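In what follows, chains carry the letters A, B, and so on, assigned in the order in which the sequence lines appear, proteins first and then strands, with residues in each chain numbered from 1. Here the structure is a predicted model, which means the values were calculated and not measured.
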Amino acid sequence: MKHTTVLQVCVGFVLCSLQAMIVPALDCSGQGLEGASCTISVEKLLDRAVQHAELIYRISAESKMMFEEMFIPLSVMNPHVYGGTMCAPRTVAVPASKSEIQQISDKWLLRSVLILIQSWIDPLADLQVSLENYDNAPSVLLNRTKWLHTKLMSLEQGVLILIKQILGEGGLLLDGPEKTADLLVSPDIFESVRTDYSVLCCFRKVAHKIEIFLKLLKCRQTDKQNCSVF
Amino acid sequence: MEPILFICILFFTAVATQTVPPTTQGLASTLPHLTGCFSRELTTFRCQWEARSFQNLTEPGDLRLFYIRASKTSEGDSKKPETKWNECPSYSYSRSNECYFNSSNTIIWFSYGIQLRSRSLDVVYDEMFFSVEDIVFPDPPVGLNWTLLSMSTSGAICDIVVSWDTPSSAEESVKTGWMSLVYETHYREKYSDQWISLDNGKVMQAYIYGLRSNVEYEVRVRSQMRGYNYGDFSESIFILISYKESRIPITAVLIFAVIGIGVILMLLIVSQQQKLMVILLPPVPGPKIRGIDPVLLQKGQLNEFTSILSTHPGLRPELYSNDPWVEFIEVDIDEPHESQEELLIANSPVSDSPQMSSGFRDDDSGRASCCDPDLSDHDQTDLSHTSASGHDGFHPLSHAHSRSPQPVCPQDSGWPNSLYSQVIDITQRGEVVLSPEEQEIVNSCCHNEAVEDNENNKRKERQWLALTPDETGYTSEITANVISAQHSKPNSPTTDQLPFTEERQEPHNAFREPQDLTDSSPLSTAFLILAKPPSPEYTMVEGVDWINSLLLKPNTQTSLQKTFPAPEGYLTAEFLDDITG
C-alpha cells in the first residue's frame, strides 16, 4: 500500500509540474489581448507566426492546383489577369515591391499583415460555402479550405499578440477589415467556378505575401543590419 | 459599370490568348517575339525578345518594350486598369534584346503586361502578362559536393551525403526571408535513363542511401521557390566509390581466430586435465567396510576394533607386530637383579593361532639362572604367548615364577629345580600333575638342609607359585590348591598329583579346601597365598580353545589338552567377554 501511495504521489507531482509548464503556453495563445502573464518571447511568437504562414501558403498552393486540375480547363485558365487587380485590398495600401517593403517600418509591416489576414477570413468562409455547393467537389479540397480558414484565424490571433508585444497598445488602432463586397457572387456555375478559382489564386498570393512579410519581420527582429541592407 | 468592365477584361484576355499564338506561329520565323521573362530572386526580372531576320529591325532600338502593370490606386477603384504603357526602364547593356526591371520597378504581387513594339510604336509584335512570382526561376545551387556517410561491412553498399549552397543570386533573398527556396535532388547511375528524385525541402543536404560501390553515379540538384517554378538543374557531379573486396582476409582472419581459440581451449583442457576430470567425472567413493566405524579408531576404543579384526586372519600378524600396547617382558638371565616386567596383554582376542610367539622373549622364565645358564635357551622357545588366554592377570603356570629365585642349593648346579616342579600333565579334571622327581631331587639335594631348604623352598615355592593376584582372587584358588596338595601330599607322586588336581578341579571347593588346610596346619593358612613353584620343565600355554581349555605346547610327554574349567565366580565379565570374543 505504501508503495502505491508513494507512486501515486510521485505521478501526481510529475503531472502537476508538467501542467505548470504547459499551461502558460496555452494561456498565451488563447488569451489574445489580455494575456498579461504571457511570457512567450517575440522570437518564439514570430517563429510560430512564420510557421503558420508557411503552412497556410503551402496548403493554399496545393488547393489551387487541385482546383485547377478538377474544374478549370486549360483553355480558359489565365490567372495573371485576376491576380493583379482583384487580390489587392482596396482601401489600405500594402507595399508590393521589395524596395518599398524594405523602406517600410516594422509597424507598417505588421499592420499590413494584419490587414491582409483580416481581409481574407471572410472570403475563405465564402469559398467554403461555395465549394460545398459543388456536386463533385472532393472532400480533400473541402477539408483543406476549412483548415485554411481556421489557421488563418489563429494566425490573426498571433499577429495581434505580436503587434501588442512589438508595438505596444497603440498598434491596435487599425482600420477594420473591409467586407468583400467587390467579389462578384454570380449565380452562374461557371462564374462561381471562376470566382472560386480567382479566390484561390489570390489567396495563394496573399499567403505568400504574408509569409514574406513575417519572414522579413523576423529577420529584422533578429538581425537588423543584414535585413535592411539592400 | 464594373461588371461590364470586368467582362471587357475577360474578353480582351481571351482574345489576347487566342490571337497571339497565331500571329507568332505564322510569322515565327520572321517576326520578333518575346522569348521570355524571368526572375531569379523575386526582386528583379528581365524580359528578352528575339528579332528575326527582319530587314527593318536589325538595328538596336528598333524594338521597344512596353510594360503595363495593374497598380493599386488609392482612390478605391482598383478595377480600372492603367492604360498607360511604360517603356522598359532600362535596356540592358551587356546583352541586347533584353529589358531589365530593377527592384523598384518590380511589383511582386501584381501582374505585368509586356508588349514588344516596333520603333514607331504602331506595330505590336508580341505581348505577355504575368506576375513576377510566376516567372521566378531560381538559379541552380552551387558548390555540389559529396561525402561518404557509411559503408556496409562487406563494402558493397554505401551511403553518401550530397551538400550544396544557395545560388549566389538568390542568396540574399533567402537570407532575409524574402524568398524561400526548396531543393530537389536527382541521381541515377551513369548510363541509366531514369532519374531518382528526392525532395529535400529547405535543407541543403541530401542523403542518398544504398549506392553500390564501384558503380558511377550522377547527381544533380535544382532549386524551386515553393509552389512555383523549378529552376534549372545544376551541373551534375559524378560519384564513384571504389572498394576493393577484402572478403578473403576477413574469412581467413575468422578461421584463424577460431582455430586459435580451439588450440587455447585444448591447452587449457590438457593442463587442467586432472581438475577437469575431477569436475566432470567425480571419483567414485570407495566402499565402506561394514562394521568398522572409523570414529572408534579416533577415540581409541580398540576393543571392538580388534575384535572385528580378529575375524580376518590376515590382519592379525600386522596387528600384533605393531602393537604399541604390548609390552614385552625383558628378563635378564645374567643379571640377578629382578626386574619384573609383567607381560600385559590387555585386549588380546581369544584365538587359536599358534603363531603368537613372534615377539615374545623371555630369556629367563623366572628360574634361578645362577647355577646353570645353559638352561636359559631351553625356556626361550617354550614360552608361548599367553595371548591365547587373554586373561587379565592370568599368567601361565610357567610364569608363576616371575622372579628368579636365589639359588639355595649349589650342589645341584644343573638345574635349580629344587624350587620348581615340572607340570607333567593336566588331568581331565584339570588337576595339575607335577613330576615327583623334582621332589626327590629336592629331597636328595641338600639333605641336611633339605628340611630347611625344603621348608624354605616350599615356602618359596609357595611363593613362586603365587600367581599375580588379581582382584578376582583367582590365583589364590590355584595357590590354594597347590598348597593344599603339597601340604597333604602323599608319598606317591601320583597321589601327590591328586590332591592338586583334585583340589584344582573343584574351584568351588577352593574356599573350603583352604579351610581344611588351615585345620591341618597353621602354616597352611599362611600358605594359602603362597604357592609352590612348579617343576623345572615348563609347558607353554599356547592358548585357550573355544571350549575354554588350555592349549599347551606339546613339550611334555602327554599332550595336554585339558579343559580349562571356567571357575565360577572368579571370572569377571570382562574375562568372559575376552574369552568368548
Tell me whether the centres of the aromatic rings in B/Phe45 and B/Tyr112 are closer together than 6.0 Å.
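Aromatic pair counts; centres sit under 6.0 Å.
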
Centre-to-centre under 6.0 Å for B/Tyr230 and B/Phe137, is that the case here?
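No.
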
Leading residue by heavy atom contact count with chain B [cutoff under 4.5 Å; candidates A/Met65, A/Arg204, A/Lys218, A/Glu54]:
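Most pairs with chain B among the choices: A/Arg204.
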
Is B/Ser104 close to chain A through its backbone or its side chain, or both, or neither, when contacts mean heavy atoms under 4.5 Å?
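Contact with chain A: backbone and side chain both.
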
Between B/Met225 and chain A, which part of the residue has a heavy atom less than 4.5 Å away: side chain, backbone, both or neither?
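For B/Met225, the contact with chain A is made by the side chain alone.
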
With only heavy atoms counted, which part of A/Glu62 is less than 4.5 Å from chain B, the side chain, the backbone, both or neither?
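Neither part.
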
Describe, in one word, how the ring planes of A/Phe71 and A/Phe67 are oriented to each other, choosing from parallel (under 30°), tilted (30 to 60°) and perpendicular (over 60°).
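Judged by the thresholds at 30° and 60°, the geometry between A/Phe71 and A/Phe67 is tilted.
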
Would you check if there is a donor-acceptor pair between the side chains of B/His186 and B/Glu184 at a distance under 3.5 Å?
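There is such a pair between these side chains.
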
